[in-house]
Structures are given as structure tokens and as C-alpha cells.
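Step one of this worksheet: look at the structure below.
Both backbone and side-chain heavy atoms feed into the values below; hydrogens, waters and symmetry mates do not. Each chain gets a letter, A, B and so on, in the order its sequence line appears, and its residues count up from 1.
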There are 2 protein chains.
Amino acid sequence: MDMSERKLQILQAIILNYLETAEPVGSRTISRRFLMDLSSATIRNEMSDLEEMGLIEQPHTSAGRIPSSKGYRLYVDQLMKRDSVDDQQVGILMNLLKNKTLQLDSLLKEIGDLLATLTKYTTVVTMPHLKKSALKHLQLMPLDEHSAVLVLVTDGNIVRNHVIPLVRRLEPETMYHISDVLNKELSGLSVTQMDLTLIQKIKRECQVDSEVMESLLNAISDTLQHADDGDVFTSGATNILSFPEFSDIARARSLLEFLGQKDQILHLVNMEDKSTGPGLKIRIGTENQIEQLHDCSIVTANYRYGDRTIGTISVVGPMRMDYKKVVSALEGLMQDFPNLFAPGADPPQITQEDNHGKS
Amino acid sequence: MDMSERKLQILQAIILNYLETAEPVGSRTISRRFLMDLSSATIRNEMSDLEEMGLIEQPHTSAGRIPSSKGYRLYVDQLMKRDSVDDQQVGILMNLLKNKTLQLDSLLKEIGDLLATLTKYTTVVTMPHLKKSALKHLQLMPLDEHSAVLVLVTDGNIVRNHVIPLVRRLEPETMYHISDVLNKELSGLSVTQMDLTLIQKIKRECQVDSEVMESLLNAISDTLQHADDGDVFTSGATNILSFPEFSDIARARSLLEFLGQKDQILHLVNMEDKSTGPGLKIRIGTENQIEQLHDCSIVTANYRYGDRTIGTISVVGPMRMDYKKVVSALEGLMQDFPNLFAPGADPPQITQEDNHGKS
DNA sequence: TGTTAGCACTCCTCATCATTGAGTGCTAAC
DNA sequence: GTTAGCACTCAATGATGAGGAGTGCTAACA
């Protein structure tokens, strides 16, 4: 069976109508609303073909048709046009963000919030992995007899801190000294790049009583190793409850619970999928591995800082999602992303994922 | 109408049965399950009285009775006994927490998570207000040409940080110097205790070019003033969806959305209520001012650090909540709270809210 | 050969109606 | 004061049928 232009039009009509109404679409509706020069009977024949091709399906015999995962996929890949109206919305959003913060993590949270408000779906933002980020500065701060604070700043000005125990009191001056050495040796590196040789070198350079130094370095290395491997920030989760596809409370619950599990989310958005290139990644309905997401679609963008992809911004919604709007919003966002960050921030430049291979 | 012992027994029976089944309780059920020496007819007469007193109500004429807010209130105030089984559970929970962290905020998050798991309800923990906490240490860290990080540590080892812009480059040594002065002058104080005289004094002592100093102090003071006035941490929000009283999706949604609004939550838990003493605060159904909470009950405990009440831990559930379990858990928690924190932490001691006036 | 009108058929939706049963309130007897 | 008995109420359940949206098929048409 060949794929005529007309079939595509009908598929698109079904999808557009279904996105709007969430009701199965009948042949007469299409004939009246979209293709007035064809009778419903003709459209019925075409729909029958489309169903055979697996692009649409029928909830029951005497109902209209709804798009299948495969149908949405075809729509997203071939039929969908970008929307400049949404681009404008993104522009407004970006202006809200500009110069608002010097810190990448708060910026990302703001983006998540605004994107959830704009799209009315749920957004999931993964923060940069500490381990993959380059350290910009690190410092020990005296706290009390038994503890000190280790403060780490990574590129993007993300600050992490951890209280570490001391075997015995250290003078502030000693700490400053150690901090200087640590900084000299470690800044610019990522956690994965730190090895034993480096640690030995630091130990020598500090010239501090080796017992203290030993425990201190252990604590620091512990902190670095166990630092959360990427935080997840979710916004607009309750938006899901407003869609009729989630009026079944059990379904809604299982999805919301899934969205609450950081490790699962991380696993999901970081999952590599050979078929998609560098741009946005769109997963539709049953294309998702995870069962809780079989009724959902997820659009994911990777953001970059410097030359590394370090995190993701995703929009989660029902399969009957306004793909055009979401894709426009995310693409617009990724385009403007580099300009968002600190007007004259030092050397680092956030660059967008280049979209080569896409028109 | 007087309140006989028997009426109380019947009320208690209704409540216990309703907690279990979520179904209106009929006279025959009580006669069979709880008070076998009385006929259903007798119980019916008593129930009629209880209804007239406003302690129970009837969804419709031919249904059993369910407790009213007033009924639960009486139960909570007079009938409910503490439960030692739950105490044991709390004991286990406490052991899980012990020595886990040196930082009050992560400890509180853990508590929230565990309490949500234990009770199967939703927990809401408010973090200490920065403005009310005493500063333990504060420090400026160099970052790059245009910015520095201000790190604040409050009692409880809660670390906050903020990137602040610099009008021009400062040497690390200068920053250390400024930090020392700031520390000397400010540590031990809370934000509310800092005034203009103090700032002037700091300016003099630093002996740094006054333009730089001016902008720096402004930024710091900005940071302190605008520091989030208490963060809110919610755990187990989706538990709500498992209760039949929230099978209506609109109701569930409005509650979940309410729980997502930090400012509203803060307003709620900090609301002073003259009628309750120092111990736990229990708000049942319509006793809550906020409309979204009319079907819910909230049990709130204040935690203290040193001599100040600085935050709250709450459990939110349906009105048909297992008050005994929740109250036992929270009371047990507050009792052990002081022992939880850092084995040999410096001077500060977390003390519990004393329960005088309670048996 | 592609398009369309017509028609029988399917099956969901909704309203109606009767049945059932849990529960009540009242009364009269114990 | 307690209880048995009885009439009554009303939500829940399930059966029934009308209405309607939509389909698939067939036959006629351009």
C-alpha cells in the first residue's frame, strides 16, 4: 500500500483534531472540518488503509480513530512544522530569565518552572553531574572544633558543600593554605580526572601533619565520589492530572510516582538511543521502555556548557501532546541558551547542541 | 444532653471502624464488633444523640454514621491512647538516622522521607529560617574576575551560598581579610540582629577601598535579606492518591497543588493557634482555614535548635487519619531529636519542645 | 477507476426502572 | 432502660431500551 499525499493529510487531520478534543475522530468530522471536497465515505476508505498500516487505531468497532504511537511518530518526523508563535513565547520567557542569576542551577530551575507554565505539561530538568563538571574553585572553611566545610564551585557557578569531620582542630590559616594547594592542583579538573598521583602530590605540598592530612583528603575524596550524581528537578507535576487520559487515578498515581524517582528519571533521560541524532529526542508512547510511560510522550533536549553535554531538559505529557508547541519551545530555548548566562561571565561559554542534519 | 461513658465508647467504635474501612458505620456493625452486650436498637438511640451533639454525621438518611471534625477532635483530645508499637518503629527509624549527617537540613529531609514511608501519609518539613538562625561562620571565596561566592553557615551546619558580582577584581588575600572581619563581627548573630552601626564598623575595620567595600556589603546584605525565608520539603505527596477520599481527581489535584505552593505551606504551618499549647498541633478537617484542606488533617510538631523554635515537621493525611500512629511517631521523634544530631557537635544542643501541661 | 450515496450493523452512552439490602427511626412490649 | 419488630429511606446494582455516532459494504455514478 502506498502512502499518498491525501493519506498524509487525513492522518494530520486526525491528529490535529484528536490533540484538541481527546475524542476519537470520525470520517464525517474530517470531511466537514478539513477536507470539504471529499465525502466521508472516501475518507472512510482511506482511514481503513491508514489503520491497516498501523498509523491509527479504533478503540472499538463503532468509534472514530485515534492516532497510534507510530502515527504520531510519522507526524513528528515528517508532517509537523515549527511554530513561530511559540518562538515568540519563548522569547518572552528568555527575557524573564536574562540576568536573573549567576548560577546555572538556579537558572535551570527557573527554566523548568517557566517551561511547565508555558506548556502546561510537566518538565524534568537534570542538573549537571558534579563528576563530569570541571572544578572552578574549592575551599575548606573552618567551622568548629570537629568539623569543616568543603565548598566546591564548578563551572556554571554551581556551588556544592559538605560538612566533613576533623580528627582535630585546624587553624584557619592552615586551612587557607591547604585550600590554596588544592585549588592550584585541582581546579579545572573534573572528579574523574583526579587520581592517586595527584593526591600524593597534594599531600607533599601541604606540609601538614600527615595524619590530619590523610583523613582530610579521604573525606574530600569521599565527598567528591559520593556527591549526588546529578540532581533532578521536576516542575508542574500536577499538570498531568488535568488531562482526561489520566482521569484514572491509578494511572495518574503510577506516573506521578515514577516522576518522583530520581534514579529512574536519570536513567531514562540519559538513555542513549542510536536512532536519533544530536537535536531533540522525542519518545512517543510505547516507544518508551518504561511501562508507566506507555501513555506518555517525552521530549528531551541536551544542554551543553563549554564543550560538554552535561544535562537535559525534558517535557513530559500525554501522548496526545502538542508536539509542535513543545518542540518549538525547546528548540527556541536551546538556541537562546548561550545568551542567557551571565553577561560577562569569565571564559566559559555555554554553546548549544548543534542541530546539523536538521532543516 | 450528658456525655455518658457508653456514648464515648460508641463514638470510639465508630471512629476506629471508620478509620479502617472508610465506610459509614451502622449500628449493627458496632453491636457485633465492639459492644456485644447491647442491641443495635440501643446503639441506634445513642447514635442519634451523638449526631445531635454534632460528633457524628450521616451522609444520607439510610446510611451509617461517620465522625465529624468535632468527633475526631474529641477522640484526639480525650479518647486516644499513645501507642508503644509505633514508638518502636520510630526507634528503628531513629537508628537509621543516627550519625548519618552533620547537617541539619539533610537530616530533616531524611526524617521527612522516613516519616512519609512509615505513616503512608504526606510529610511537610520546613527548614530553619535563615533569618532567625544564628550565623556560625561566613566567608567570601574568590571565583573569577567578576564574581565571588558568599558562603554562610548557620547553627545546625546548614550551608547557604550565593554568587555575588564584584565591581572589580579582589585579591584572595583581601577576601580572606574581609571574611575574617565579617566573621569576627557577625558570627553568633542572626540576620535580624545586624544593623547599620555594625555595617559601618565593619567598613572601617576592613580598610579596603570604600567603593568596592560598599558594593560588596550591599550584595551581602541583599543576600541575607532575600535569602529564602525558609525552604519547604515535601515527601510522599503521591500517597494521598491512594486514599478513597481522594479518588475524585479534582479534589486530589487541588490538594497536591496546594502542597506544591511553598509560601502557602509556610503560612499554614507557622500560623499560631492560641488554643493549643506547646506540644503537637493537630488541625482536623474544617478546623483548617484553607479550603483545600477541609478534608484533611494536619499534625505539626515544632522542632527546636538551641533555645529557639526554628521549623516544623508536619504529617498531612485524610481526616480519616490514624491519629494514634501519627501522634506516636511525631512525639517519639521529637523526644529523640536531640540525640540525633552530631555525636560531639560543638556547643549547640538541640532540645525538644517541652511538653509541660501534657500527661 | 475513483468517488459517493445509502443502508445495515455495531456498540457506546445515557436515561429509566425495578430490585436489593443496609441502615434508620419509631413504637410497643419487656 | 432495653430491645424486638416493622415501616421507611435511599444508595447501589443491574437490566432494558432508545439514541446516536461511526463504520463497512454495496451499488451506482462520473
Side-chain angles (χ1 to χ4, degrees), chain A residues 1-11 13-15 17-18 20-68 71 244-245 247-248, chain B residues 1-11 13-15 17-18 20-68 71 244-245 247-248:
Chain A
M1 192 165 322
D2 60 336
M3 193 56 172
S4 67
E5 176 64 23
R6 197 169 70 182
K7 281 196 176 60
L8 287 177
Q9 275 178 28
I10 293 177
L11 175 62
I14 293 173
I15 290 178
N17 205 79
Y18 188 64
E20 212 179 284
T21 63
E23 299 287 333
V25 188
S27 53
R28 227 179 95 74
T29 311
I30 296 180
S31 152
R32 263 181 312 159
R33 285 201 47 190
F34 297 90
L35 299 157
M36 280 131 82
D37 47 342
L38 287 180
S39 79
S40 63
T42 311
I43 291 171
R44 265 202 301 282
N45 289 331
E46 296 284 41
M47 281 167 89
S48 180
D49 293 352
L50 286 170
E51 180 161 17
E52 209 170 308
M53 296 160 83
L55 297 170
I56 56 179
E57 45 200 32
Q58 231 176 343
H60 55 87
T61 358
S62 69
R65 306 302 212 291
I66 61 175
S68 66
E245 29 271 271
S247 60
D248 173 21
Chain B
M1 191 168 319
D2 61 335
M3 193 56 172
S4 68
E5 178 63 25
R6 199 169 66 182
K7 280 194 178 59
L8 287 177
Q9 273 177 29
I10 292 176
L11 176 63
I14 292 173
I15 289 178
N17 204 80
Y18 186 66
E20 215 179 282
T21 63
E23 298 288 331
V25 188
S27 53
R28 227 179 94 74
T29 310
I30 296 180
S31 150
R32 264 180 313 157
R33 286 200 48 190
F34 297 90
L35 298 156
M36 281 131 82
D37 48 343
L38 286 180
S39 79
S40 64
T42 312
I43 291 171
R44 264 203 299 284
N45 289 330
E46 297 285 40
M47 280 167 90
S48 179
D49 292 353
L50 285 171
E51 181 163 15
E52 206 171 312
M53 295 159 85
L55 296 170
I56 55 180
E57 45 200 35
Q58 234 176 340
H60 55 86
T61 352
S62 70
R65 305 304 211 292
I66 61 175
S68 66
E245 28 272 271
S247 60
D248 174 22

Inset, instruction - Measure from the side-chain heavy atoms of B/Ser39 and tell me the nearest of C/dT4, D/dA4, C/dG25. - result: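 Per side-chain heavy atoms of B/Ser39, the pick is D/dA4.
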Legend entry - Proximity to the side chain of B/Ala41 - top-ranked nucleotide from D/dT3, C/dG6, D/dC10: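 Looking only at side-chain atoms, B/Ala41 lies closest to D/dT3.
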Legend entry - Evaluation steps, side chain to side chain contact (heavy atoms under 4.5 Å, CB included), between A/Leu55 and A/Met47: CA-CA 9 Å; A/Leu55 297 170; A/Met47 281 167 89; over 6 Å; no
Taking [atom1] from [X] and [atom2] from [N], how many angstroms apart are they, rounded to a whole number?
X	N	atom1	atom2	value
A/Ile43	D/dA21	CD1	C1'	16 Å
B/Glu23	C/dG23	CD	C1'	13 Å
A/Ile10	D/dG22	CD1	C1'	16 Å
A/Gln58	D/dG22	CD	P	11 Å
B/Asp49	C/dT24	CG	C1'	14 Å
B/Glu46	C/dG23	CD	P	19 Å
B/Arg65	C/dT24	CZ	C1'	7 Å
B/Ile56	C/dG23	CD1	P	14 Å

Could you tell me which non-hydrogen atom of [X] sits nearest to which non-hydrogen atom of [Y], and how far apart they are?
X	Y	answer
B/Glu51	B/Glu57	OE2-CA, 4.1 Å
B/Ser68	B/Gly54	OG-O, 2.7 Å
B/Ile30	B/Ile14	CD1-CG1, 3.4 Å
B/Pro59	B/Pro24	CG-CG, 3.9 Å
A/Phe34	A/Asn17	CE1-OD1, 3.7 Å

Inset, instruction - Could you provide the dot-bracket string of DNA chain C, using ( ) for intrastrand pairs, [ ] for crossing pairs and | for bases paired to another strand, with Watson-Crick or G-U pairs below 3.5 Å? - result: ||||||||||||||||||||||||||||||
Inset, instruction - Would you kindly compare B/Ser62 and B/Asn45 by the position of their nearest DNA chain C nucleotide and give the one closer to the 5′ end? - result: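 So the residue in question is B/Ser62.
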Legend entry - B/Glu46 side-chain N/O to B/Arg6 backbone N/O, donor-acceptor pair under 3.5 Å: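 Here the side-chain-to-backbone pair does not exist.
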Legend entry - 5' precedence on DNA chain D between B/His60 and A/Met47 (nearest-nucleotide basis):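 Looking at DNA chain D, the more 5' nearest nucleotide goes with B/His60.
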Inset, instruction - Mind running a 4.0 Å heavy-atom check of residues 26-34 of chain B against DNA chain D and sending the residues that fall below it, in number order? - result: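 Nothing qualifies; none.
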Legend entry - Sub-4.5 Å side-chain heavy-atom contact between A/Ile56 and A/Ile66: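 Answer no - side chains too far apart.
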Legend entry - Derivation of the side chain to side chain contact (heavy atoms under 4.5 Å, CB included) call for B/Arg65 and B/Leu50: CA-CA 10 Å; B/Arg65 305 304 211 292; B/Leu50 285 171; over 6 Å; no
Inset, instruction - Scan for side-chain hydrogen bond (donor to acceptor under 3.5 Å, both in side chains) pairs involving residues 20-31 of chain B, sequence neighbours excluded, and state none if there are none. - result: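 Pairs touching residues 20-31 of chain B that pass the test: B/Ser27-B/Arg44.
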Inset, instruction - Remember a base hit wins even if backbone is also touched, and classify B/Thr42 as base, sugar-phosphate or nothing at under 4.0 Å, heavy atoms. - result: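 Base, at least one base atom sits under 4.0 Å.
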Inset, instruction - Examine D/dC6: is either OP1 or OP2 under 4.0 Å from a nitrogen or oxygen in the side chain of B/Arg44? Give yes or no. - result: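 No, because none of the side-chain N or O atoms of B/Arg44 sits under 4.0 Å from OP1 or OP2 of D/dC6.
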Legend entry - Phosphate OP1/OP2 of D/dC10: any B/Thr61 side-chain N/O under 4.0 Å: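 Yes, within the criterion.
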